[in-house]
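Working notes, beginning with the structure itself.
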Amino acid sequence: MVEIELDGQKVEVAEGSMVMHAAEKAGTYIPHFCYHKKLSIAANCRMCLVEVEKAPKPMPACATPVTQGMIVRTKSDRAIAAQKSVMEFLLINHPLDCPICDQGGECQLQDLAVGYGGSTSRYEEEKRVVFHKEVGPLISMEEMSRCIHCTRCVRFGQEVAGAMELGMSHRGEHAEIETFLGQTIDSELSGNMIDICPVGALTSKPFRYHARTWELSRRKSVAAHDSSGANLIVQVKNNQVMRVVPLENEDVNE
């Protein structure tokens with residue numbers, strides 16, 4: 001085990017763990033988009049920058065391994081300034097779609113923009129536009145201009161579903177998440193790609209524009225379409241099922 005100091009608190013974590021894991025163990029929230037506990041580490045959103053003593057610049061918490069005696073500050077002025085700078089970059093090309101976005105009300109970008117975003121944008125250039133793609137009956141890629149390139153969907157397909165159906169082509173602000181050769185996404189786990197997208201880029205085609213998240217009542221349930229007993233949350237409006245989303249239950253779902 002390795003002991004580090006996180007915001008003045010001593011935390012013990014296994015050797016080889018990242019600063020993010022130590023923060024989770026200590027109950028400290030570090031803002032992030034690309035990090036997900038079930039996926040490999042990509043460190044490409046840079047939202048989780050923290051101050052590490054003796055490091056020349058802020059370090060990404062999700063990709064910085066812990067070392068004995070390391071001193072980390074997640075709420076220092078330097079860390080907050082780094083996180084606010086990253087948020088400004090992430091919002092540069094993001095459209096002002098919140099009032100009509102299906103993710104509105106349950107959007108990580110929206111939530112973190114309140115805490116780390118500026119009240120006005122300094123960006124005056126043209127925003128990038130990403131044309132929509134047809135990828136099958138479940139996932140809607142109509143709004144890919146909202147994508148922040150966290151690659152969660154790509155990593156999920158590759159590592160959990162076991163099929164690399166999505167990938168990222170081009171570089172920089174021209175980067176796009178797409179299926180190669182114009183194919184559709186056929187994995188039976190593809191619904192989870194919608195669920196783990198932290199912004200409104202991948203949305204549910206059957207649910208699109210049908211209801212707002214805060215209008216729905218939620219009921220815990222079990223999947224009716226297979227015999228594995230996977231846990232679900234059924235979301236209902238006016239006695240009508242609007243959508244089902246996964247419910248985390250390690251004993252069954254994994």
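Quick caveat: nothing in here was measured; it's all calculated off a predicted structure. Below, each value reflects all heavy atoms present in this structure, side chains not excepted, and no hydrogens, waters or symmetry copies.
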Tell me, yes or no, whether the heavy-atom count around [X] atom [atom1], taken from other residues, nucleotides or ligands under 6.0 Å, exceeds 12.
X: Phe131; atom1: CZ; result: no
X: Lys75; atom1: NZ; result: yes
X: Glu15; atom1: CD; result: no
X: Glu125; atom1: CD; result: yes

Hey, are the side chains of [X] and [Y] touching, using non-hydrogen atoms and a 4.5 Å cut-off?
X: Val130; Y: Ile177; answer: no
X: Ile233; Y: Arg219; answer: no
X: Thr74; Y: Leu6; answer: yes
X: Leu39; Y: Ile196; answer: yes
X: Glu178; Y: Met168; answer: no
X: Leu112; Y: Met87; answer: yes
X: Thr179; Y: Thr184; answer: no
X: Asn93; Y: Tyr123; answer: yes

Residues 23-34, side-chain donor-acceptor partners within the protein, below 3.5 Å, at least two apart:
residue : atom : partner : partner atom : Å
Glu24   : OE2  : Tyr35   : OH           : 3.2
Lys25   : NZ   : Glu12   : O            : 2.5
His32   : ND1  : Ile30   : O            : 2.9

Full working for side-chain hydrogen bond (donor to acceptor under 3.5 Å, both in side chains) between Thr151 and Asn44
CA-CA 8 Å; Thr151 66; Asn44 51 10; 3.2 Å; yes
Quick check against the 3.5 Å criterion: does [X] have a side-chain atom that pairs as donor or acceptor with the backbone of [Y]?
X: Ser17; Y: Val13; result: no
X: His21; Y: Met18; result: yes
X: Lys205; Y: Thr203; result: no
X: Asn238; Y: Gln240; result: no
X: His132; Y: Met144; result: no
X: His174; Y: Gly172; result: no
X: Arg155; Y: Cys150; result: yes

Of His170, Lys133, Arg128, which is the lone residue that meets side chain to side chain donor-acceptor pair (under 3.5 Å) with Glu176?
Lys133
With clusters defined by side-chain heavy atoms of hydrophobic residues (ILVMFWY) lying less than 4.5 Å apart, directly or transitively, does [Y] cluster with [X]?
X: Val245; Y: Phe207; value: no
X: Phe156; Y: Leu247; value: no
X: Phe89; Y: Tyr116; value: no
X: Leu216; Y: Val244; value: no
X: Val252; Y: Val222; value: no

Any chance you could lay out the salt bridge (Lys or Arg N to Asp or Glu O under 4.0 Å) test for Lys37 and Glu248, step after step, and finish with the verdict?
CA-CA 12 Å; Lys37 62 185 178 185; Glu248 191 173 329; 2.9 Å; yes
Going from CE on Met141 to CD on Glu143, what distance comes out if it is rounded to the nearest 0.5 angstrom?
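So the CE of Met141 and the CD of Glu143 are separated by 11.5 Å.
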To the nearest 0.5 Å, what is the distance between CD (Glu88) and CG (Leu90)?
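Output value for this atom pair is 10.5 Å.
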Candidate pair Lys237 and Glu215, rule salt bridge (Lys or Arg N to Asp or Glu O under 4.0 Å), full reasoning
CA-CA 7 Å; Lys237 181 185 177 185; Glu215 299 171 334; 3.0 Å; yes
Using salt bridge (Lys or Arg N to Asp or Glu O under 4.0 Å), reason through Glu173 and Lys127 one step at a time and then give a plain yes or no.
CA-CA 10 Å; Glu173 71 165 14; Lys127 285 182 183 275; over 6 Å; no
Might you point out which heavy atoms bring [X] and [Y] nearest each other, and give the distance in Å?
X: Pro198; Y: Arg152; result: CD-CD, 4.2 Å
X: Val2; Y: Thr67; result: CG1-C, 3.4 Å
X: Val154; Y: Leu166; result: CG1-O, 3.5 Å
X: Leu138; Y: Ser190; result: CD2-OG, 3.8 Å
X: Ile41; Y: Ala63; result: CG2-CB, 3.9 Å
X: Leu202; Y: Cys153; result: CD1-CB, 3.7 Å

Would you mind writing out the side-chain donor-acceptor pairs for residues 46-59 within the sub-3.5 Å range, not counting sequence neighbours?
residue : atom : partner : partner atom : Å
Arg46   : NH1  : Ala43   : O            : 2.7
Glu51   : OE1  : Ser76   : OG           : 2.6
Glu53   : OE1  : Arg73   : NH2          : 2.7

Which pairs would a plain distance check flag for residues 97-107, meaning a side-chain donor or acceptor within less than 3.5 Å of a matching protein atom at least two apart in sequence or in another chain?
residue : atom : partner : partner atom : Å
Asp97   : OD2  : Arg146  : NE           : 3.1
Asp97   : OD2  : Arg146  : NH2          : 3.2
Asp102  : OD1  : Tyr209  : N            : 3.3
Asp102  : OD2  : Tyr209  : N            : 3.3
Gln103  : NE2  : Cys197  : O            : 3.0
Gln103  : NE2  : Val199  : O            : 3.4
Glu106  : OE1  : Thr213  : OG1          : 3.3
Glu106  : OE1  : Arg243  : NH2          : 3.1
Glu106  : OE2  : Arg243  : NH1          : 3.2
Glu106  : OE2  : Arg243  : NH2          : 2.7

What's the verdict on side chain to side chain contact (heavy atoms under 4.5 Å, CB included) for Asp186 and Glu165, showing C-alpha distance, side-chain angles and the deciding distance?
CA-CA 8 Å; Asp186 302 318; Glu165 295 177 304; 3.9 Å; yes
Closer than 4.0 angstrom, basic N to acidic O: yes or no for Lys10 and Glu3?
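Not counted as a salt bridge, because no side-chain N and carboxylate O are separated by less than 4.0 Å.
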Can you tell me if Ser40 and Glu159 form a side-chain donor-acceptor pair at under 3.5 Å?
yes
Output, in order, the C-alpha distance, side-chain angles, deciding distance and verdict of side chain to side chain contact (heavy atoms under 4.5 Å, CB included) for Thr64 and Met70.
CA-CA 11 Å; Thr64 304; Met70 177 189 259; 4.0 Å; yes
